[in-house]
*Asks:* 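Quick one: this structure, given as structure tokens, is what I'll be asking you about.
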Amino acid sequence: MMKRTIIKTTEGAFHAWFSDEGLAALSFPNGRSERDDGADVPVEWIRQTEAALNAILRGEQPKQLPPLDFSRGTEFQQKVWKALLIIGVGQTRSYSEIAHAVGAPGAARAVGGACGANPIPVLVPCHRVLAANQRLGGFSAGLKWKRLLLAREGVGEAELVLR
DNA sequence: AATCGTCGTTCTT
DNA sequence: AAGAACGACGATT
């Protein structure tokens, strides 16, 4: 069903899981080397994933993304993830702004939950979502990654509220 | 820093 | 099938 493939980047080897529909999950480099079962994944998808990932890591807007398979998310989560795709490189939104964008004002906290459940970090840029007043907020993969990604996109520490 | 309101998801009855 | 508990939140005090 799901095939895992290794995506090499300047930051290490990400692992990507592809379904028949497209890219379904992505995980940050974890040190451990895992097996690559993605021999029959369309090379185009792999190429697009690698190119998009490296583009964002360079702080550039990716030309195009591979097809994304959101089908494992709830309706609400899918709405949030789609809303995140609109945020350009170097831009940020607050959890509350996303809540409004998906027609659920007041659900800022629930948006945080949906961001945490985002199966395709980086390409679905949950790292561009901050808490109110430019506070950093959280990140499931660890705040070091959120900081690094934002820094690559030109969002400096200075623009973020400390803490 | 402590507290409360809010709301989708997950865990327990 | 409810109901309680739990957060990558936000606003108030």
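Residue numbering restarts at 1 for every chain, and letters A, B, ... go by the order of the sequence lines. What you see is a predicted model, and the numbers here were worked out from it, not measured in a lab.
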*Asks:* What nucleotide among C:dA8, B:dG5, C:dG10 has an atom nearest to a side-chain atom of A:Ser96?
*Replies:*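 That would be C:dG10.
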
*Asks:* So does A:Arg72 have more than 12 non-hydrogen atoms from other groups sitting under 6.0 Å from CZ?
*Replies:*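 Atom CZ in A:Arg72 is not packed in, count stays at 12 or less.
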
*Asks:* Round to a whole Å and report the spacing from CZ of A:Arg147 to C1' of C:dA8.
*Replies:*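 After rounding, the reported distance stands at 14 Å.
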
*Asks:* Can you figure out which of C:dG7, C:dA8, C:dG10 approaches the side chain of A:Arg109 most closely?
*Replies:*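 Nearest nucleotide to the side chain: C:dG7.
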
*Asks:* Counting only side-chain heavy atoms from C-beta out, which of B:dC7, C:dA8, C:dA11 sits nearest to A:Ala107?
*Replies:*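 Closest of the options to the side chain of A:Ala107: B:dC7.
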
*Asks:* Across the strands shown, which category fits A:Tyr95 at heavy-atom distances under 4.0 angstrom: base, sugar-phosphate, nothing?
*Replies:*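 Base, at least one base heavy atom under 4.0 Å.
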
*Asks:* Using a 4.0 Å heavy-atom cut-off, does A:Ser140 contact any base of the nucleic acid, only the sugar-phosphate backbone, or nothing at all?
*Replies:*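 Since a base atom lies under 4.0 Å of A:Ser140, the category is base.
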
*Asks:* Give the nucleotide from the list C:dA8, C:dG7, C:dG10 with an atom nearest to the side chain of A:Ala131.
*Replies:*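 Ranking C:dA8, C:dG7, C:dG10 by closest atom to the A:Ala131 side chain puts C:dG10 first.
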
*Asks:* Under 4.0 angstrom, heavy atoms only, what part of the nucleic acid is A:Gly116 near: base, sugar-phosphate, or nothing?
*Replies:*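 Base, at least one base atom sits under 4.0 Å.
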
*Asks:* What is the distance, to the nearest angstrom, from the CH2 atom on A:Trp81 to the C1' atom on B:dG8?
*Replies:*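 My rounded result for the distance is 13 Å.
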
*Asks:* Taking the ring centre of each residue, are A:Trp145 and A:Phe28 less than 6.0 Å apart?
*Replies:*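 That pair passes the under 6.0 Å test.
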
*Asks:* Could you please name the partner base of C:dA4, counting Watson-Crick and G-U wobble pairs only when both distances are under 3.5 Å?
*Replies:*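 Here C:dA4 is engaged in a pair, and the nucleotide opposite it is B:dT10.
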
*Asks:* Scan A:Ile98, A:Asn118, A:Val129 and name whichever one has a side-chain contact (heavy atoms from CB on, under 4.5 Å) with A:Val80.
*Replies:*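 Only match with A:Val80 under side-chain contact (heavy atoms from CB on, under 4.5 Å): A:Ile98.
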
